[in-house]
Amino acid sequence: MIDVAPLLADLTDDQRAAVQHGEGPLLILAAAGSGKTRVITRRVAHLLATGVPARNILAITFTNKAAGEMKARVEKLVPGNQVWVSTFHSLGARLLRMYGERLGFDRNFTIYDTDDRAKVVKAALDATGIDNVKYSPERIASEISKAKNQLLTPPQYERTATDFMRQVVAKVYHGYEKRLRMANAMDFDDLLYLPARALRENEELRRDLDARFKYVLIDEYQDTNMAQYEIAKRLSIDHPNLCVVGDPDQSIYKWRGSDIKNILDFERDFPAARVITLSQNYRSTKNILHAAGVLIDHNKQRKKKPLVTDNEQGTPVTALAFETGSDEADGVAQRIKEAVQQGRFKYRDHAVFMRINALTRSLESAFVKHGVPFQIVKGLAFFERKENRDVLAYLRLLANPQDAISFLRIVNEPSRGIGKVSLDKLQSFAADQEIGLLVAAGQVARVTEIKGKAATGLRDFHRLMTELRARMDLPPHELVQLVLEKSGYETMLKESGDQEDADRLANVGELITAAKQFWDEDNSRTVTDFLEQITLASDVDGWDEQSDQVSVMTLHASKGLEFPVVYMLAVEQGLLPHERSVGNTEEEEEERRLCFVGMTRAMKELHLCSARLREKRGQINYTIPSIFLQELPREVKFVDASGRNQARSAADEYRAKIGPAASDWADTGAQPYFPPKPKTEIKPNIVPGSADEFAPDAVVQHAEYGFGKVVEATGFGALRKVKVQFAGHGTKVFAGASIPLKVIKRKA
DNA sequence: CTGCTCGGCCTTTTT
DNA sequence: GGCCGAGCAG
């Protein structure tokens with residue numbers, strides 16, 4: 001028996017209570033930085049120590065990286081155990097591979113990513129014959145995704161389809177599912193949806209798994225969706241030892257189907273639940289925690305709760321206002337370099353967060369310029385390169401010959417003289433015969449319309465794949481090498497003489513290295529395992545926290561991490577909060593939580609950056625400081641970092657670029673920073689429907705045109721007219737009592 | 001069938 | 001500013 005004392009020694013009373021809690025549901029409301037990961041890890045170890053068999057414990061984390069870390073920590077505390085620790089998606093994949101055949105699926109299924117999914121949707125959409133479709137495949141795909149997250153089958157969804165769009169989606173959803181099953185493929189949602197439905201409909205399976213996983217622990221519970229909730233619940237009926245950990249203030253994935261109600265209603269769903277609150281923060285300085293606390297307090301739909309820490313006061317949080325986006329990048333790079341040179345921090349102590357990925361570009365060049373080592377934390381980027389996707393498609397088709405998307409991707413890569421026309425014919429032949437495309441390619445002689453080069457090419461391709469399939473016993477990296485040689489892909493890249501192709505060849509070489517590493521870690525791993533790991537990898541999974549580099553990532557990716565020094569970029573209206581959320585209270589509150597998550601990652605220093613001019617889609621616009629900056633407490637230090645003297649030239653360059661093309665656009669007059677206003681601000685007495693609502697010079701926002709400045713406002717009610725100058729959209733006139741404009745800033 | 005150019009589109013966040 | 005798809009020439 002293992003000694004439990006060391007598992008409890010350095011915990012607070014609340015933490016210890018959570019670790020020691022025995023049977024029955026448990027809700028741990030853990031504030032940011034309250035040591036929840038530690039609590040879950042210890043709890044798993046404690047369960048093992050008190051005699052619970054490892055196979056009866058299931059721990060769910062939000063990323064594979066977190067799963068790996070937890071596994072390692074538990075292993076250290078209780079060596080030699082075999083606890084399942086994984087993400088919901090990996091769990092789903094694992095269950096489907098184990099029980100798939102029992103449920104009517106082939107265990108060698110391919111997991112389709114968002115890109116593949118859009119292609120399948122497009123094919124299904126085209127097949128419906130609905131022309132002049134006004135919905136993009138992506139839009140329909142996300143609607144289907146929502147349906148699956150709500151565990152709706154195509155017929156069930158169809159019954160809810162009252163409006164036109166839903167009717168279109170319902171038709172596509174049918175065909176989409178058919179295509180996925182034909183291709184023996186799963187999309188991300190299937191990995192939750194199918195197990196959830198199986199647990200709901202197959203009582204025998206449900207009972208087996210409930211008994212297998214007597215203790216279920218779920219981290220980041222505030223970001224679970226309905227399918228995940230269903231899985232958790234169905235695994236906790238006979239053995240209701242469900243322990244969930246989360247923080248409603250850190251729910252940031254509503255757009256992906258997460259339902260904050262899962263955590264808010266936990267006590268209703270499990271009336272016997274014990275609730276433990278961890279409110280003490282051990283991560284941040286008082287200044288940082290207070291600023292974050294004051295910000296999140298602006299959310300109306302929120303249970304007030306204290307954020308307390310015994311940590312030092314620390315340096316004030318700063319709001320750094322730069323002149324342009326590139327000044328901002330430069331300034332951040334410089335400041336980080338300085339801190340390292342002065343010996344205050346290491347590079348790896350720094351993180352830079354941003355709302356959207358596109359903002360990494362200017363930062364990248366600034367870091368290169370200043371010689372600051374950095375890594376952009378975006379796990380999949382490498383595997384998303386065309387050449388790597390191609391090679392992986394070969395592997396996917398080998399592992400699953402039914403995979404239509406992979407077939408279409410590589411059948412003519414390198415060129416085998418097979419064009420679109422021939423492929424269309426092959427596809428209709430395959431559909432008629434109800435066979436996969438690869439099998440159809442082997443029977444190309446039966447398709448009389450395909451002849452000449454195309455027919456030979458298809459036959460050769462089929463022969464190639466048959467030959468390669470016989471070598472599936474090879475370790476993944478050797479199989480990749482063989483694919484490259486036999487397919488002609490390597491020759492194609494080698495002989496082109498193009499520098500770009502030489503780079504591609506090098507990337508493919510790195511892919512082989514990655515495959516070898518994967519296999520070296522565990523020789524029993526297969527090609528399918530390799531593919532699955534790549535597809536289910538999250539952005540932080542590729543993060544190297546050992547090397548001394550600045551970490552650059554999105555706010556979403558930063559969840560669960562911590563850094564001594566944090567810079568947040570572009571804290572501006574339209575970016576944070578993002579413009580797509582403006583006007584929707586729920587989404588605005590999620591943006592505020594996102595900002596809160598970013599802020600609470602910081603341990604010692606927090607800097608919120610903004611620029612007065614920001615380039616977006618090749619256009620330069622004046623920005624408006626984020627509403628979140630105004631909501632911060634007074635002790636936040638507003639710093640004008642525009643460095644007039646040196647930044648002048650960059651700003652002037654920007655202005656020169658704005659040029660006559662945008663001369664109709666005037667400075668909004670918004671200041672890059674300002675001291676917070678006193679709460680007792682006198683609201684002007686405005687009659688709704690009157691012209692005063694949009695007084696000239698007010699800064700307003702429109703859902704489509706973005707920010708603008710009111711030029712003229714006259715009339716009342718239905719006769720009201722408001723003329724607005726928009727950045728990049730010229731002047732527009734709005735009329736009537738109800739005008740789709742949001743006032744961002746009234747005339748000073 | 002291939003490869004090129006042009007134009008329209010987009011762009012939140014991710015498993 | 002970048003990507004994808006359509007359209008056209010070879």
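Everything quoted here is computed from the prediction, not taken from an experiment. Letters A, B, ... mirror the listed sequences (proteins, then strands); counts begin at 1.
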Round to a whole Å and report the spacing from [atom1] of [X] to [atom2] of [N].
X: A/Lys425; N: B/dC1; atom1: NZ; atom2: C1'; result: 12 Å
X: A/Arg355; N: B/dT14; atom1: CZ; atom2: P; result: 9 Å
X: A/Phe188; N: B/dT14; atom1: CZ; atom2: C1'; result: 8 Å
X: A/Asp189; N: B/dT14; atom1: CG; atom2: P; result: 16 Å
X: A/Ile252; N: B/dT12; atom1: CD1; atom2: P; result: 17 Å
X: A/Lys254; N: B/dT15; atom1: NZ; atom2: C1'; result: 18 Å
X: A/Lys378; N: B/dT12; atom1: NZ; atom2: P; result: 13 Å
X: A/Glu384; N: C/dC4; atom1: CD; atom2: P; result: 11 Å

For A/Lys146, does the NZ atom have more than 12 heavy-atom neighbours from other residues, nucleotides or ligands under 6.0 Å away?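 No - once you tally the heavy atoms of other residues, nucleotides and ligands closer than 6.0 Å, there are 12 at most.
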In plain terms, say whether [X] and [Y] are close enough for a salt bridge, that is, a side-chain N and a carboxylate O under 4.0 Å apart.
X: A/Arg97; Y: A/Glu532; result: yes
X: A/Asp247; Y: A/Arg593; result: no
X: A/Lys119; Y: A/Asp115; result: no

What's the gap between C/dC4 and B/dT13 when it is taken at their C1' atoms, as a whole Å value?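 Going atom to atom, C1' in each nucleotide, I get 23 Å.
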Distance between the C1' atoms of B/dT11 and C/dA6, in whole angstroms?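 After rounding to an integer number of Å, I get 22 Å for this pair.
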Carefully, step by step, assess A/Trp255 and A/His578 under the rule ring-ring contact (aromatic ring centres under 6.0 Å, His included). CA-CA 13 Å; A/Trp255 53 274; A/His578 194 271; over 10 Å; no
Of A/Thr114 and A/Glu138, whose nearest nucleotide on DNA chain B comes first from the 5' end?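 Whichever sits nearer the 5' end wins; that is A/Glu138.
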Earlier contact from the 5' end, DNA chain B, for A/Glu590 and A/Arg416: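 With A/Arg416 and A/Glu590 compared, the 5'-side residue is A/Arg416.
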State whether the aromatic ring of A/Trp255 stacks on the base of B/dT13, taking stacking to mean ring centres under 5.5 Å apart and ring planes under 30° to each other.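 Base of B/dT13: stacked against A/Trp255.
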Is there a stack between A/His578 and B/dT12, judged by ring centres under 5.5 Å and planes under 30°?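 Given the distance and angle limits, yes, they stack.
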Under 4.0 angstrom, heavy atoms only, what part of the nucleic acid is [X] near: base, sugar-phosphate, or nothing?
X: A/Asn357; value: sugar-phosphate
X: A/Leu594; value: nothing
X: A/Ser422; value: sugar-phosphate
X: A/Ser415; value: sugar-phosphate

Would you tell me if any nitrogen or oxygen in the side chain of A/Thr554 comes within less than 4.0 Å of OP1 or OP2 on B/dT14?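 So the side-chain polar atoms of A/Thr554 do come within 4.0 Å of the phosphate oxygens OP1 or OP2 of B/dT14, strictly under.
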Report yes if at least one side-chain N or O of A/Asn412 is closer than 4.0 Å to OP1 or OP2 of B/dT2; otherwise report no.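 Yes, A/Asn412 has a side-chain N/O under 4.0 Å of OP1/OP2 on B/dT2.
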Side chain of A/Tyr253 - closest among B/dC1, B/dT14, B/dT12: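 Shortest atom-to-atom distance from the side chain points to B/dT14.
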What is the ring orientation for A/Phe461 with A/Phe407, classed by angle as parallel under 30°, tilted 30 to 60°, or perpendicular over 60°?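 Ring orientation of A/Phe461 relative to A/Phe407: perpendicular.
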